[in-house]
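As structure tokens, the structure follows; a few thoughts come after it.
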Amino acid sequence: MGDNRDDNMNDSKKPKIIAIYGKGGIGKSSTASNVAAACADEGYKVMIIGCDPKSDSSITLLGGKRIPTILDLMRSGVDITEDDVVFEGYNGVKCIEVGGPEPGIGCAGRGIIVAIQKLKKISTAQDECDLIIYDVPGDIVCGGFVAPIRKGLVSEAYVLTSGEYMPLYAANNICRGMSKINTPISGVICNARSVSREEEIVRKFAEEMGSDLIAFIPKEQIVQDCERDGFSVMEKAPDSEIAQVYRNLARAIMSRNKSVMANALDDERLRELTR
């Protein structure tokens, strides 16, 4: 993959900019951070922008340490510079956390818009990257969470789900929302929960929407063990089988040039798939 880096980028050398969407708790941050680390291992210059108010998208790339968020610094009245919000993590991955509003006050989605606008004013780090990953919280029911796409910052959107009904329901809603704003999806990723026929279910879900399943990530305890210690699998267990799964996903994303306008399933069909 590293030897073909220039072949995978477009002629203008613009970065590949992706967003990963999915139900809360489905493993977006774990997937995003391991993909970032895998791409960095192959020589790509990578940035991850965490858009979750929990500000934990980059924590396993930084040895378990949290970094100041853009919104927290803005609220404190600090004259923010690039060094205040852009931190170097594992293998050179640039890490940024948007943060969120104070609990019970404001809209997290609106905060994403404000923070991204601020980042563009103070930082040029994005211009030096081959891959930028937006780790976006929840589903797409809040217009603010689709800000990276609406603002033209994201070129590819991936949907993460498991084979369980509720994550699939959320993924289906995300795809429906994408279609409403005329935005195609680039693929479906399954982060497994050891559900019966799980890979079959998610593959069929993706195909019926007109897309495809680009990765099946099996449920492995080692992922949780690494996260508890504050590390990605790629850093702490690079020789594990699951690390190779993340490498394959990273390769698939970096070489991906296919996207489709998803045809969301009706609820009855969605339930049939999971029975």
Side-chain angles (χ1 to χ4, degrees), residues 16-39 46-62 66 69 89-90 93 95-100 108-109 111-112 115-116 131-142 144-149 153-154 156-164 166-175 177-178 183 185-193 198 202 205-206 211 213-220 223-224 226-228 230-234 242 245-246 249-250 252-253 256:
K16 177 182 282 279
I17 310 176
I18 73 171
I20 299 178
Y21 286 91
K23 182 181 181 296
I26 197 60
K28 293 185 300 298
S29 295
S30 176
T31 302
S33 59
N34 276 293
V35 166
C39 286
V46 184
M47 173 180 285
I48 185 167
I49 302 177
C51 298
D52 195 311
K54 297 192 301 296
S55 64
D56 60 355
S57 298
S58 61
I59 197 167
T60 59
L61 296 166
L62 295 158
R66 291 187 183 274
T69 73
Y90 171 74
V93 176
C95 301
I96 298 164
E97 293 288 351
V98 166
I112 293 173
I116 290 173
L131 172 68
I132 299 174
I133 302 174
Y134 282 87
D135 177 18
V136 188
D139 57 34
I140 207 165
V141 294
C142 170
F145 291 148
V146 78
I149 290 174
L153 302 175
V154 168
E156 297 177 22
Y158 292 87
V159 179
L160 187 70
T161 184
S162 69
E164 300 162 299
M166 288 310 297
L168 280 170
Y169 181 85
N172 198 50
N173 268 350
I174 289 165
C175 293
M178 292 290 188
T183 300
I185 65 168
S186 295
V188 176
I189 303 166
C190 179
N191 196 36
R193 291 293 184 267
E198 190 159 18
V202 180
F205 168 72
S211 185
L213 178 65
I214 66 168
F216 178 81
I217 306 171
K219 185 177 182 180
E220 297 284 353
V223 178
Q224 296 297 321
C226 290
E227 287 184 350
R228 289 192 190 102
F231 297 97
S232 68
V233 170
M234 305 309 302
I242 195 71
V245 172
Y246 287 121
L249 173 56
I253 288 174
R256 193 79 168 166

Looking only at heavy atoms, the pair that brings Thr69 and Gly99 closest together is CB-CA, 3.6 Å
Atom of Ser186, atom of Ser211 and distance for their closest heavy-atom approach
C-OG, 4.4 Å
Leu61 CG to Ser232 OG distance, which is reported to the nearest 0.5 Å
5.5 Å
Under a 3.5 Å distance rule, please check whether Arg193 uses its side chain to pair with a backbone N or O of Glu164 as donor and acceptor.
no
Take a 6.0 Å sphere around CZ of Phe216 and say whether it holds more than 12 heavy atoms from other residues, nucleotides or ligands.
yes
Side chain to side chain donor-acceptor pair (under 3.5 Å) between Thr60 and Ser33, intermediate numbers included
CA-CA 7 Å; Thr60 59; Ser33 59; 3.2 Å; yes
To the nearest 0.5 Å, atom NZ of Lys219 lies from atom CD of Gln224 at 8.0 Å
Between Ser58 and Ile96, is a side chain to side chain contact (heavy atoms under 4.5 Å, CB included) present by the stated rule, with each step listed?
CA-CA 7 Å; Ser58 61; Ile96 298 164; over 6 Å; no
Gly163 versus Leu168, closest heavy-atom pair with distance
O-CD1, 3.7 Å
Interatomic spacing from CZ in Arg66 to CG in Asp56 - rounded to 0.5 Å:
5.5 Å
Residue pair Ile185 / Tyr21, side-chain heavy-atom distance below 4.5 Å
no
Rounded to the nearest 0.5 Å, what's the gap from CG on Leu249 to CD1 on Ile214? Could you check?
5.5 Å
Considering all heavy atoms, the nearest Ser55-Glu97 contact
CA-OE1, 3.3 Å
When rounded to the nearest 0.5 Å, the distance separating OG1 of Thr31 from CD1 of Ile217 is 4.0 Å
Going by heavy atoms in the side chains, are Leu62 and Cys95 under 4.5 Å from each other?
yes
Identified side chain to side chain contact (heavy atoms under 4.5 Å, CB included) counterpart of Tyr134 within the set Ile116, Ile112, Ile48, Ile20
Ile116
pair Tyr246-Val223: side-chain heavy atoms closer than 4.5 Å
yes
So, does Asn34 use its side chain to make a donor-acceptor pair with the main chain of Ser30 at under 3.5 Å?
yes
Considering non-hydrogen atoms only, spot the tightest contact between Val159 and Ala171 and give its length.
CG1-CB, 3.5 Å
Lys16 side-chain N/O to Ile133 backbone N/O, donor-acceptor pair under 3.5 Å
no
Considering non-hydrogen atoms only, spot the tightest contact between Pro218 and Ile242 and give its length.
O-CD1, 3.6 Å
From Cys39 SG over to Leu131 CG, what is the distance, rounded to the nearest 0.5 angstrom?
5.0 Å
